[in-house]
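Everything quoted here is computed from the prediction, not taken from an experiment.
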Amino acid sequence: MCGITGWVSFERDLRAERDTLDAMTETMACRGPDDRGVWAAGPAALGHRRLAVIDLPGGRQPMTAETGRGTVALVYSGEAYNFAELRAELTGRGHRFTTGSDTEVVLRGYLEWGDAVAERLNGMYAFAVWDGPRGRLVMIRDRMGIKPFFYRPTSDGVLFGSEPKAILANPLAVRSVGADGLRELFALVKTPGHAIWDGMREVEPGTVVTVDRSGTRTRTYWSLQTRPHLDDRDTTVARVRELLEDVVDRQLVADVPLCTLLSGGLDSSAMTALAARRLAGRGEAVRSFAVDFAGQAENFVADALRGTPDTPYVHDVARLSGTRHQDIVLDSRALADPEVRARMIRARDVPMGFGDMDASLHLLFRAIGEHSTVALSGESADEVFGGYLQFFDEEARQADTFPWLVRFAEHFGDDGAMLRDGLTEALDLPGYVRDSYRDAVAGVRRLDGESDFEYRMRRICHLHLTRFVRLLLDRKDRASMAVGLEVRVPFCDHRLVEYVYNTPWALKSFDGREKSLLREATADVIPRSVYDRVKSPYPSTQDPAYAVALQEQAEELLSRPGHPVFDLVDRGRLQQAARRDTLQITQASRRGLERALDLATWIDLYRPALTLP
């Protein structure tokens, strides 16, 4: 796992721009603490920071190959889980390898198949190839968008990087966020290709972007397609289990310490149990980690989202699977620490967070990073198998909008509630969401003979797999890579995603519950308590001291009336949320405080260069 960056300028010799390339590369140091490398030749310059996971001495980058017509150079981030099979095939085609790394397999694969190498990869990846003989840059991103990848066209080429900060380190990039960028921050719709920053784009998942002297071209090599599902229930359950075992087995390959993220929910428990079973056959035990909050288990109060605390279920899984388990227990002082907030915003480049859930994720990953370099996560199983409440909420099912937005304000508070009235009117978030939803569902194909209900559920599944999951994948990648931890997501294997997506909803929920297929496919390896447990989201602290700390920080912000955050945030609403003359703070007020403090922190990190509408 690594951080990549680069610059192509067809009108200059970038060998003279070493200082700028170094600055771009160093922004990725958190993603690659083990090694660095830069390469430049004429119009192309590539930078790389490495987190060594496979072939520790042999995977240095940028990696080059000489051809009869010139040099081909690669910078690569991610993992190709089928690199051993590809290596064997390429060896049979006459290629000779000098390392054991998957990076060299990808480079040789490009030499053999060009950008069609993308279709052959199974994994998570974002990589760029400077093809000297053809005078072009080729940028490729994995199918589900697990690894981030951004680019910014220039007058004579392009800038690119794993994260916006790498691009923003180049003087050609302006630190400006316009109205559409703010809309994206507050709408929670994850428009494909949108990068928040003016002039910047994402390489979309499943896409190849090629840049040469004639311009920029985009090719989609993978998208979620509608196909008939012909398997019966027993066959479907068996196929899901078969795929899960293969996926987990592939993703356990690493030359560094590996662990699992265990929440006590069905997703992480199933993944941990399968990993433990596989490693037990090699005489090894899985190391597992869970997040908890001081006093949470003893003082837990059920709410509409979370009916049970995680810890008892975590420990049930750890006992049954024989994992070497550790709870990471956090207190409210750490969760509310302004420096932790700043680190998460610096990691994500924008204030698009989830308050204490972001802070706890950062602190969890930082603690895990002291023991492991790679972690397997249950992320995306809810999107793949249908695990969220909105999949079963009739109002959300029928709404002509993104289903996760129907009760979002009720559960978490209104994201835009703190904004000034004039800005709210100018942004017109309802209109932005309406237009985005219309675009998102336009391409979902209906099967011949598919009922109205099944088609609506297909659209809901498609929205979660092409929009909502990308918000969570980006969050997890940034939080983990900010501390040099590689997080793998087995449930994002495209073979599993394709198969389950095309399974009818009646089969996905055959027992009337969420994630029926996953539960049944792993029933023999998970505790009965987990099998029976109702879906519970990622935990959030219930300690009132956390809210009080937010209010104290808001009071300090209010003492600076000239702070530019008040061009965005309504001062009176922030004052109301910061009042401590009531016994309890509402979820909406807490969300508003977190949002206002996030915005202020972001502005402080990027000013004076940052410009806003």
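Side chain of Thr260 to backbone of Leu262: no donor-acceptor contact under 3.5 angstrom is found. Between the side chain of Thr220 and the backbone N or O of Trp222 there is no donor-acceptor pair closer than 3.5 Å. Looking only at distances, no side-chain donor or acceptor of Ser372 sits under 3.5 Å from a matching main-chain atom of Ala375. In terms of modelled atom types and a separation under 3.5 Å, the side chain of Ser321 and the main chain of Thr323 share no donor-acceptor contact. Of the possible donor and acceptor atoms, none in the side chain of Lys515 sits under 3.5 Å from a partner among the backbone N and O of Asp382. Between the side chain of Arg31 and the backbone N or O of Cys2, at least one donor-acceptor pair lies under 3.5 Å. Side-chain atoms of Asp142 do not come within 3.5 Å of backbone N or O of Gly123 as any donor-acceptor pair. Side-chain atoms of Arg239 never come within 3.5 Å of backbone atoms of Leu243 as a donor-acceptor pair (strictly under, hydrogens ignored). Formation of a donor-acceptor pair under 3.5 Å by the Arg49 side chain with backbone atoms of Gly32 is found in this model.
Taking a 6.0 Å sphere around CZ of Arg278, one finds it holds 12 or fewer heavy atoms contributed by other residues, nucleotides or ligands.
Ionic pairing of Glu85 and Arg120 is not present here: no N-O contact between side-chain nitrogen and carboxylate oxygen is shorter than 4.0 angstrom. Using a 4.0 Å cut-off between charged nitrogen and carboxylate oxygen, Glu202 and Lys190 count as a salt-bridge pair. We find that Arg478 and Asp474 are joined by a salt bridge, their nearest charged nitrogen and carboxylate oxygen being less than 4.0 Å apart. With respect to Glu17 and Arg12, a salt bridge is recorded, a charged nitrogen being found less than 4.0 Å from a carboxylate O. Checked for salt-bridge contact, Arg108 and Glu112 miss the test: no charged N lies under 4.0 Å from a carboxylate O. Looking at Glu486 and Arg50, no side-chain N of the basic residue comes within less than 4.0 Å of a carboxylate O on the acidic one, giving no salt bridge. A salt bridge links Arg217 and Asp212; the closest N-O separation between the charged side-chain nitrogens and carboxylate oxygens is under 4.0 Å.
A salt bridge (charged side-chain N to carboxylate O under 4.0 Å, His left out) with Asp477 holds for exactly one of Lys147, Arg488, Arg470; it is Lys147.
Tyr76 has its ring centre no less than 6.0 Å from the ring centre of His48. Taking the ring centroids of Tyr388 and His464, they lie under the 6.0 Å cut-off. Side-chain rings of Tyr606 and Trp197 approach one another, their centers coming within less than 6.0 Å.
By the 4.5 Å heavy-atom criterion applied to side chains, Arg143 and Pro205 are not counted as neighbours.
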Review point. Side chain to side chain contact (heavy atoms under 4.5 Å, CB included) between Tyr81 and Met124: does it pass, once the steps are laid out?
Key: CA-CA 8 Å; Tyr81 301 124; Met124 55 179 188; 3.5 Å; yes
Practice item. List the steps, then state whether salt bridge (charged side-chain N to carboxylate O under 4.0 Å, His left out) holds for Arg495 with Asp246. Key: CA-CA 11 Å; Arg495 299 167 301 159; Asp246 180 70; 2.8 Å; yes
Practice item. Begin with the C-alpha distance, continue with both residues' side-chain angles, and end with the deciding distance and a verdict on salt bridge (charged side-chain N to carboxylate O under 4.0 Å, His left out) for Glu284 and Arg277. Key: CA-CA 9 Å; Glu284 302 173 34; Arg277 190 172 185 174; over 6 Å; no
Practice item. With side chain to side chain donor-acceptor pair (under 3.5 Å) as the test, would you mind laying out the steps for Tyr110 and Asp131 before giving the verdict? Key: CA-CA 9 Å; Tyr110 177 82; Asp131 189 332; 2.5 Å; yes
Practice item. Start with the C-alpha gap between Ser436 and Arg467, add the side-chain angles, then the distance that decides, and say whether side chain to side chain donor-acceptor pair (under 3.5 Å) holds. Key: CA-CA 10 Å; Ser436 183; Arg467 296 295 188 100; 2.9 Å; yes
Exercise for review: Please report the C-alpha distance between Ile328 and Leu363 in whole Å, then the side-chain angles of each, then the deciding distance to 0.1 Å, and finally whether the side chain to side chain contact (heavy atoms under 4.5 Å, CB included) criterion is met.
Suggested key: CA-CA 9 Å; Ile328 306 298; Leu363 293 168; over 6 Å; no
**Study point:** Working for side chain to side chain contact (heavy atoms under 4.5 Å, CB included), residues Leu485 and Ile368
**Key:** CA-CA 8 Å; Leu485 176 70; Ile368 290 173; 4.1 Å; yes
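The minimum heavy-atom distance between Ile167 and Ala173, with the atom names listed, is O-CB, 3.3 Å. Across all non-hydrogen atoms, the minimal contact from Arg241 to Thr522 is NH1-CA, 4.0 Å.
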